[in-house]
Amino acid sequence: MLRVALASALARTASPFMARSMATAAAAATAANSETATTNNNTNATETESTPSPYVAHLAATTSPLYALLEVKGRPYHVTRGDLLTIPKLKGVPLGAELALDKVREIGSREISLRGAPYVAPGLASVKAVVIEHWLSDKRQTVKTKRRKGYKRTYGHRQHLTSLRVTEVGVVTVAEAPSPL
């Protein structure tokens, strides 16, 4: 719907040839979306859940260490097992708590990787970390001056941070996944 509206809006400002091609592309996109919607309605949900993707099976069987590109508090981090992660403070999380980091954008190894759009499916990737410490960063000083006036002010700031140790990066296969019931 948005593509058709965008194409019609651009058609008013573009050349006639460009307007025809954009309208044709918008119509094709609308038709493709309706076809995928009908094919998605016809597929059996239990059939798609029980058969793993060949990429997932290959990734689960790989022997090289896995990496994950994940998001914590809106920032991306590239981690492997054993990494020490320094992130903005997690309030209300005690020391020694084990966290399951579920916003995984990409998981992979040397041979193959799986990317999400924007995240990998929730039950597919497993990234766990333990809270090591809460601490303050080094002081950053800012100086504010006005020249020739004898005015100088110094400000300091220490950011609250949390350190995490990544304990597990893995792929959950269908056999290991808990049943939805």
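The minimum heavy-atom distance between Val104 and Ala68, with the atom names listed, is CG1-CB, 4.4 Å. A pairwise comparison of heavy atoms in Leu161 and Pro88 identifies CD2-CA, 4.2 Å as the closest pair. What you find for Arg165 and Gly82 is that their closest heavy atoms are NH1-O, 2.8 Å. Nearest heavy atoms, Thr80 versus Asp83: N-OD2, 2.8 Å.
Atom CD1 of residue Ile107 and atom OH of residue Tyr119 lie 15.5 Å apart, to the nearest 0.5 angstrom. Here CG of Leu85 is found 11.5 Å from CZ of Arg75. Values are rounded to the nearest 0.5 Å. Between Leu69 atom CG and His78 atom NE2 the span is 6.5 Å, to the nearest 0.5 Å. Distance check, rounded to the nearest 0.5 Å: CD1 of Ile87 to NE2 of His160 gives 14.5 Å. With rounding to the nearest 0.5 Å, the separation of CZ in Arg115 from CD in Glu106 is 4.5 Å. Here the NZ atom belonging to Lys128 is positioned 14.5 Å from the CG atom belonging to Leu164, to the nearest 0.5 angstrom.
Cluster membership for Val166 and Tyr67, using ILVMFWY side-chain heavy atoms within less than 4.5 angstrom, is not shared. Tracing side-chain contacts under 4.5 Å through hydrophobic residues (I, L, V, M, F, W, Y), one reaches Leu99 starting from Leu66; they form part of the same cluster. Under the 4.5 Å side-chain heavy-atom criterion for ILVMFWY residues, a single connected hydrophobic cluster contains both Tyr77 and Leu90. When the side chains of ILVMFWY residues are joined at heavy-atom separations under 4.5 Å, either directly or via intervening members, Leu101 and Leu95 end up in a single hydrophobic cluster.
Counting heavy atoms from C-beta on, the side chains of His134 and Val131 come closer than 4.5 Å. Counting heavy atoms from C-beta on, the side chains of Trp135 and Thr86 come closer than 4.5 Å. When side chains are defined from C-beta on, Ser163 counts as touching Leu84, because their heavy atoms get closer than 4.5 Å. Counting heavy atoms from C-beta on, the side chains of Lys144 and Tyr151 come closer than 4.5 Å. Side-chain contact between Ser109 and Thr62 is present, with at least one heavy-atom pair separated by less than 4.5 Å. Looking at heavy atoms from C-beta onward, His157 lies out of side-chain contact with Lys139 at the 4.5 angstrom threshold.
Using a 4.0 Å cut-off between charged nitrogen and carboxylate oxygen, Arg81 and Glu168 do not count as a salt-bridge pair.
Of the candidates Leu114, Val171, Ile112, Ile112 is the only one forming a side chain to side chain contact (heavy atoms under 4.5 Å, CB included) with His58.
Thr154 and Gln141 are not linked by any side-chain donor-acceptor pair at a separation below 3.5 angstrom, with hydrogens and angles left out of the test.
Of the possible donor and acceptor atoms, none in the side chain of Lys103 sits under 3.5 Å from a partner among the backbone N and O of Val120. Under a 3.5 Å cut-off, the side chain of Arg110 and the backbone N or O of Ser64 do not form any donor-acceptor pair. A donor-acceptor distance shorter than 3.5 angstrom exists from the side chain of Ser137 to the backbone of Gln159, with no hydrogens or angles considered.
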